[in-house]
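Here the structure is laid out as structure tokens; the discussion comes afterwards.
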2 protein chains.
Amino acid sequence: MNVSFTAHIKCSECPIRHRAVCARCDDDELQTLEAIKIYRSFEAGSPILWRGDELKYVASVVNGVATLGKTMEDGRTQMVGLLLPSDFIGRPGRNEIEFDVVAATDVTLCCFERRPFERLIETTPHIAQRLMEIALDELDAARDWMLLLGRKTAREKIATFIEMLVRRQNIQGLDGASPDLALPLTREEVANYLGLTLETVSRQLTSLKNDGVLTFTDRRHFEVKDIAALQEATGDDADGGVIF
Amino acid sequence: MNVSFTAHIKCSECPIRHRAVCARCDDDELQTLEAIKIYRSFEAGSPILWRGDELKYVASVVNGVATLGKTMEDGRTQMVGLLLPSDFIGRPGRNEIEFDVVAATDVTLCCFERRPFERLIETTPHIAQRLMEIALDELDAARDWMLLLGRKTAREKIATFIEMLVRRQNIQGLDGASPDLALPLTREEVANYLGLTLETVSRQLTSLKNDGVLTFTDRRHFEVKDIAALQEATGDDADGGVIF
DNA sequence: AGGACACTTTGATACAGATCAACCTCGATG
DNA sequence: CATCGAGGTTGATCTGTATCAAAGTGTCCT
């Protein structure tokens, strides 16, 4: 089965408590959220929402990785976002979703029915404020990605992508030296994210490997051997844009 | 002189009153805004904010067109947004701006000092709610643009851009048949927006002209002769994504 | 264990759009 | 009103990445 419901976890013990849409809520407000939330899990590869679907729920990613994409009539596709834990799915104030959301790995979501959630936005400023912050952060990220898509070379795209994975996975806990990182996407999905073909992705990864920047432990796991060289290859200036 | 201050206009008579960040505010709330706002004008071509500048003000575009762009070390640039009247500039909760903002035409802004504005966000839910809506709308637009940058051909990019101009300028007032539209950007700026070179932009515009889709009345003004063909050329499906 | 299938790599070739270069257009300026 | 310069067009050529094609790798299933 692709979708399943999952045991209720208390908000206060939730791993994304301090980064998700609920981050600013106090205990009372959490109680209210607690009452309308429900966990759902999706298997790797299964669709979560399809473009044009009615948007019954909005949700936070609790764990796993989902992709947000658009498809053209003739089948060309472009990924427009990578949803990692604490990222938000859905659009209060809109009935349909405009994107395809797919589970890239096994994913657990914390879902809220949209209507009650919209009412909460009206009555709970902490939620609107946090959602505003999240939206503004994603907007910045989307704009960085526009620079990547519009102007970067294939090698720069790959390097930027890897560098982003390093940064975001380091934040998720285990800091320090960054050995053995997970690549949560196939070559084809990476290509969709970067506006390339899967062959080009493969060639550029091989090239980074040959240049001693990366090593692969298996297809889905790699180590960065030379972070400075990786940074250099992104084309960004030293402390490139993203304030962390 | 490049920058000038402009006579105060009452919010209640402001042309963007119902679309800008103040859209949801009631009369009392407008009073508060009125007290901290100030109009500033910029000549076509002059910079409004430079990447890394301290973000003293946030602002709404009252009239004119500004561009939002990123520049790489080696000079490659990508425009990441086109700011038309009612669009919002700045990021509450951040000290520096990450982008270059430039006046493409003469521009008037309605500026609020950032600190007092941030306090207003805390105390005036209508502003946080509206800013959330604006951010989410821009996020959708940014994601549409990611599809364009990552996957569309040069012709599709140009057609999509023109179609967006038609749509947005029709909303700004004079509806009906859409004769004589303004092209607020140079070929080079269009190229920066679409991830192309100026030569390619020029060739594609010529090609659309030869195909009877457009005619130019002068370099900065054109008419769409065949909207259906334009739509077709965008590569989007009939009612492509953007609602209304 | 063997086969099938999904994913990946590698190679050969094609092409859209970049780059380099020359010329055109037109409004501003002395 | 001649000149100048920014912006625009058009042409020739080059190149990075797509496309087409084939073969390699690992994992799941029977």
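Nothing here was measured: the structure is a model prediction, and the numbers come from that model. Below, chain A is the first sequence line, B the second, and so on; all start at residue 1.
- Shown here are the side-chain contact (heavy atoms from CB on, under 4.5 Å) partners of Asp53(B), two or more places apart in sequence or in another chain: Leu49(B), Trp50(B), Ile97(B).
- Remark: the backbone N or O of Ala20(A) is not paired with any side-chain donor or acceptor of Ser60(A) at under 3.5 angstrom.
- Residues that satisfy the salt bridge (Lys or Arg N to Asp or Glu O under 4.0 Å) test with Asp106(B), not counting sequence neighbours, are absent from this structure.
- A cation-pi arrangement is not found for Arg51(B) relative to Phe99(B), the charged atom failing to lie both closer than 6.0 Å to the ring centre and inside a 45° cone about the ring normal.
- Note that the CZ atom of Arg168(A) and the CG atom of Leu82(A) stand 7.0 Å from one another [nearest 0.5 Å].
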Under 3.5 Å, which donor-acceptor pairs link side chains of residues 187-198 of chain B to any protein atom two or more places apart or in another chain?
from: Glu189(B); atom 1: OE1; to: Thr186(B); atom 2: N; distance (Å): 2.8
from: Glu189(B); atom 1: OE1; to: Thr186(B); atom 2: OG1; distance (Å): 3.4
from: Asn192(B); atom 1: OD1; to: Arg151(A); atom 2: NH2; distance (Å): 3.4
from: Asn192(B); atom 1: OD1; to: Thr77(B); atom 2: OG1; distance (Å): 3.1
from: Asn192(B); atom 1: ND2; to: Thr77(B); atom 2: OG1; distance (Å): 3.0
from: Thr197(B); atom 1: OG1; to: Thr200(B); atom 2: N; distance (Å): 3.4
from: Thr197(B); atom 1: OG1; to: Thr200(B); atom 2: OG1; distance (Å): 3.1

Check nucleotides 26-29 of chain C for protein N or O atoms closer than 3.5 Å to its own N or O atoms and list the pairs.
from: dC26(C); atom 1: O4'; to: Arg219(B); atom 2: NH2; distance (Å): 3.4

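- In this entry the distance linking CZ of Arg220(A) with P of dA6(C) reads 15 Å, nearest Å.
- When DNA chain D is scanned 5' to 3' for any atom under 4.0 Å from a heavy atom of chain B, the first and last hits are dG7(D) to dA12(D).
- In the region residues 150-157 of chain B, proximity to DNA chain C at under 4.0 angstrom, judged on heavy atoms, holds for Thr153(B), Ala154(B).
- If one axis is set at each end of the helix from dA1(C)-dT30(D) to dG30(C)-dC1(D) from five pairs, those axes are 40° apart, to 10°.
- Among pairs with a residue in residues 208-221 of chain B, those fulfilling salt bridge (charged side-chain N to carboxylate O under 4.0 Å, His left out) read Arg155(B)-Asp211(B), at least two apart in sequence or across chains.
- When atom types are taken as modelled, the side chain of Thr71(A) and the backbone of Gly75(A) share no donor-acceptor pair closer than 3.5 angstrom.
- Interface residues of residues 192-205 of chain A facing DNA chain C, ordered by number: Leu198(A), Glu199(A), Ser202(A), Arg203(A); criterion, heavy-atom separation under 4.0 Å.
- Rounded to a whole Å, the CD1 atom of Ile158(A) is 12 Å from the P atom of dT8(C).
- Considering only residues two or more places apart in sequence or on other chains, Lys152(A) meets the salt bridge (Lys or Arg N to Asp or Glu O under 4.0 Å) condition with Asp236(A).
- Looking at heavy atoms from C-beta onward, Arg114(A) lies out of side-chain contact with Tyr57(A) at the 4.5 angstrom threshold.
- Residues meeting the salt bridge (Lys or Arg N to Asp or Glu O under 4.0 Å) test with Arg76(B), sequence neighbours left out: Glu156(A), Asp74(B).
- Between the CD atom of Gln78(B) and the P atom of dA18(C) there is a distance of 11 Å, rounded to whole Å.
- Every residue two or more places apart in sequence or in another chain that forms a salt bridge (Lys or Arg N to Asp or Glu O under 4.0 Å) with Arg91(A) is listed here: Asp137(B), Asp140(B).
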